[in-house]
Student: 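Mind looking over this structure? Questions follow.
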Amino acid sequence: YNANEINEVFINQIDPKIEKEVLNGIIQTKLKEKAIANEKIQFDEEDFNYYLESVKKENKVYNQIKKDNVSLGIYNGMLKNNYLWTKLINEKIKPSVNVTNSEVNEALEYLVEDSIRTRYNISQIILYKNQNNDPKLIANKLYEEIVNKNNFDSIAEKFSQDKGTKNYNIGWIDEMDINKLIYEAIKNLPIGSVSKPVYIGDDSSGYYVLIKLNDKKQEKIAKKDDIARVQYFIYNQRLELDVKNYLDNIYNNSLIEVY
């Protein structure tokens, strides 16, 4: 895919800082399109409309697309491609992902019987990366304002790009289910305080998050209560690996030239 093909995706010239990210995204999209065609995944208008409704409820994807100056035609094509890719995963990959009782029991052996664990009630402000702003700079400025004015809720309402939760409150989360970076940022945080900006992701993509610790408590967790959690974790870890291997196999058998 040459520079002209990449520029067709964007209305404005691409910021050199994200060229690699954009190119990798285009390659991923092309690989998924090839897989969808190879697997003969059928488009279902009624099912797709239901998928669209679920996307509209969050709306953050649409807002991000507008900020990044991607044309709505491209956006609609991306939605259709995402729908078909999700359908491919559900039909062709998920059925082969299994978690056995022995695997769950083996994982449970590492957990302490009737252990005491901490649960955290948290809220968040999310700032995604794009070419129109410096999210790190914005995150640091917002952090300073929140510390000085104690106005987390109003800042979250105005600036957070995560619109999926009421008042940006995530609620109670077990320490085992929290992202490691976020856990390190809040484990010693006083109740009512806000963490310094935490970056989640890699060099090419990710987001900054400010976490407010609303409350925390310790609870006695019986070993049997972790069965569903362990099953869910192993299943999703295996599914993620199988999807990656599936795409890697298509990539390795494709002729891709970047120049």
Student: May I ask you to test the Asp242-Val97 pair for a side-chain heavy-atom distance under 4.5 Å?
Tutor: yes

Student: Once you round to the nearest 0.5 Å, how far does OH of Tyr246 lie from CG of Leu239?
Tutor: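 If I round to the nearest 0.5 Å, the distance is 13.0 Å.
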
Student: Less than 4.5 Å apart, side chain to side chain, heavy atoms only: is that true for Lys94 and Tyr235?
Tutor: yes

Student: Do Tyr83 and Asp47 have side-chain N/O donor and acceptor atoms under 3.5 Å apart?
Tutor: yes

Student: Taking it one step at a time, do Val209 and Ile125 satisfy side chain to side chain contact (heavy atoms under 4.5 Å, CB included)?
Tutor: CA-CA 5 Å; Val209 60; Ile125 295 173; over 6 Å; no

Student: Return the set of residues passing side chain to side chain contact (heavy atoms under 4.5 Å, CB included) with Asp215 (not counting sequence neighbours), or none when no residue passes.
Tutor: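 Asp215: side chain to side chain contact (heavy atoms under 4.5 Å, CB included) contacts with Asn121, Trp172, Ile191.
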
Student: Quick check: does any side chain N or O of Asn253 sit under 3.5 Å from a backbone N or O of Asn249, one acting as donor and the other as acceptor?
Tutor: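 Between the backbone of Asn249 and the side chain of Asn253 there is a qualifying donor-acceptor contact (under 3.5 Å).
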
Student: Between the main-chain N or O of Thr118 and the side-chain N or O of Glu175, is there a donor-acceptor pair closer than 3.5 Å?
Tutor: yes

Student: With hydrophobic residues grouped by side-chain heavy-atom distances under 4.5 Å, do Leu127 and Val147 end up in a single group?
Tutor: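 Yes, Leu127 connects to Val147 through the hydrophobic network.
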
Student: Is Ile138 reachable from Ile146 through a run of hydrophobic residues whose side-chain heavy atoms are each under 4.5 Å from the next?
Tutor: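 Yes, because Ile146 and Ile138 connect within a single hydrophobic cluster, where side-chain heavy atoms sit under 4.5 Å apart.
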
Student: May I ask whether Ile200 and Tyr128 are part of the same hydrophobic cluster, defined by side-chain heavy atoms of I, L, V, M, F, W, Y residues being less than 4.5 angstrom apart, directly or through others?
Tutor: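 In one cluster with Ile200: Tyr128, yes.
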
Student: So does Glu91 have more than 12 non-hydrogen atoms from other groups sitting under 6.0 Å from CD?
Tutor: yes

Student: Return the orientation label for the Tyr120 and Tyr183 ring planes: parallel under 30°, perpendicular over 60°, tilted otherwise.
Tutor: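 Geometry flag for Tyr183 against Tyr120: perpendicular rings.
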
Student: State, to 0.1 Å, how close Asn98 and Pro95 come at their nearest heavy-atom pair, and which atoms those are.
Tutor: OD1-O, 4.3 Å

Student: Using every non-hydrogen atom in the two residues, find where Lys196 and Leu210 come nearest and quote the distance to one decimal.
Tutor: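 Where Lys196 meets Leu210 most closely, the heavy atoms are C-CD2, 4.0 Å.
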
Student: Mind checking the NZ-CG spacing from Lys212 to Leu189? Nearest 0.5 Å is all I need.
Tutor: 11.0 Å

Student: Distance only, no hydrogens: is a donor on one side chain within 3.5 Å (strictly under) of an acceptor on the other, for Ser123 and Asn214?
Tutor: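 Distance-only check passes for Ser123 and Asn214.
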
Student: Is the distance between the ring centroids of Tyr199 and Tyr207 under 6.0 Å?
Tutor: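 Centroid separation for Tyr207 and Tyr199: 6.0 Å or greater.
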
Student: Can you confirm whether Asn140 sits close enough to Pro197 that some side-chain heavy atom of one is under 4.5 Å from a side-chain heavy atom of the other?
Tutor: yes

Student: Can you name the closest pair of heavy atoms from Lys187 and Lys216 and give their distance?
Tutor: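 What the structure gives for the nearest pair is O-NZ, 3.5 Å.
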
Student: Side chain to side chain contact (heavy atoms under 4.5 Å, CB included), that's the test. Do Ile116 and Glu219 meet it? Break it down for me.
Tutor: CA-CA 6 Å; Ile116 301 295; Glu219 290 185 348; over 6 Å; no

Student: Rounded to the nearest 0.5 Å, what separates atom NZ in Lys32 from atom CG in Leu247?
Tutor: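 The NZ atom of Lys32 sits 6.5 Å away from the CG atom of Leu247.
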
Student: Give the minimum heavy-atom separation between Phe48 and Lys80, together with the two atoms involved.
Tutor: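 For Phe48 versus Lys80, the nearest heavy atoms are CE1-CA, 3.6 Å.
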
Student: With a 4.5 Å cut-off on side-chain heavy atoms, are Arg119 and Ile173 touching?
Tutor: no

Student: Nearest 0.5 Å, what's the CG-CD1 distance between Leu213 and Ile122?
Tutor: 8.5 Å

Student: Could you see if Leu241 belongs to whatever hydrophobic cluster contains Val99? Use Ile, Leu, Val, Met, Phe, Trp, Tyr and a side-chain cutoff under 4.5 Å.
Tutor: no

Student: For residues Asn151 and Ser154, report the shortest heavy-atom separation together with the two atoms involved.
Tutor: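 Between these two residues, the closest heavy atoms are O-OG, 3.0 Å.
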
Student: Can you measure from OH (Tyr208) to CD1 (Ile126) and round to the nearest 0.5 angstrom?
Tutor: 14.0 Å

Student: Under the side-chain hydrogen bond (donor to acceptor under 3.5 Å, both in side chains) test, which residues partner Glu106, sequence neighbours left out?
Tutor: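 side-chain hydrogen bond (donor to acceptor under 3.5 Å, both in side chains) list for Glu106, sorted by chain: empty.
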
Student: For the backbone of Thr86 and the side chain of Asn90, can you confirm whether one donor and one acceptor N or O come within less than 3.5 Å of each other?
Tutor: yes

Student: Using atom types as modelled and distance alone, determine if a side-chain donor or acceptor of Ser160 lies under 3.5 Å from a backbone N or O of Glu157.
Tutor: no

Student: Which pair of heavy atoms, one from Trp85 and one from Ala35, lies closest together, and at what distance?
Tutor: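 Nearest heavy atoms, Trp85 then Ala35: CZ3-CB, 4.0 Å.
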
Student: Find the distance between CD1 (Ile178) and CD1 (Ile170) and round it off to the nearest 0.5 Å.
Tutor: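 One gets 10.5 Å once the value is rounded to the nearest 0.5 Å.
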
Student: Apply side chain to side chain contact (heavy atoms under 4.5 Å, CB included) to residues Arg117 and Met176 and explain how you reach the verdict.
Tutor: CA-CA 8 Å; Arg117 291 210 300 268; Met176 288 186 65; 3.2 Å; yes

Student: Tell me if the CG atom of Asn150 is crowded by more than 12 foreign heavy atoms within 6.0 Å.
Tutor: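 No, CG of Asn150 has 12 or fewer neighbouring heavy atoms, counting only those of other groups under 6.0 Å.
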
Student: Output all residues satisfying side-chain hydrogen bond (donor to acceptor under 3.5 Å, both in side chains) with Arg238, sequence neighbours left out; order by chain, then residue number.
Tutor: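 Only Glu103 meet the side-chain hydrogen bond (donor to acceptor under 3.5 Å, both in side chains) criterion with Arg238.
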
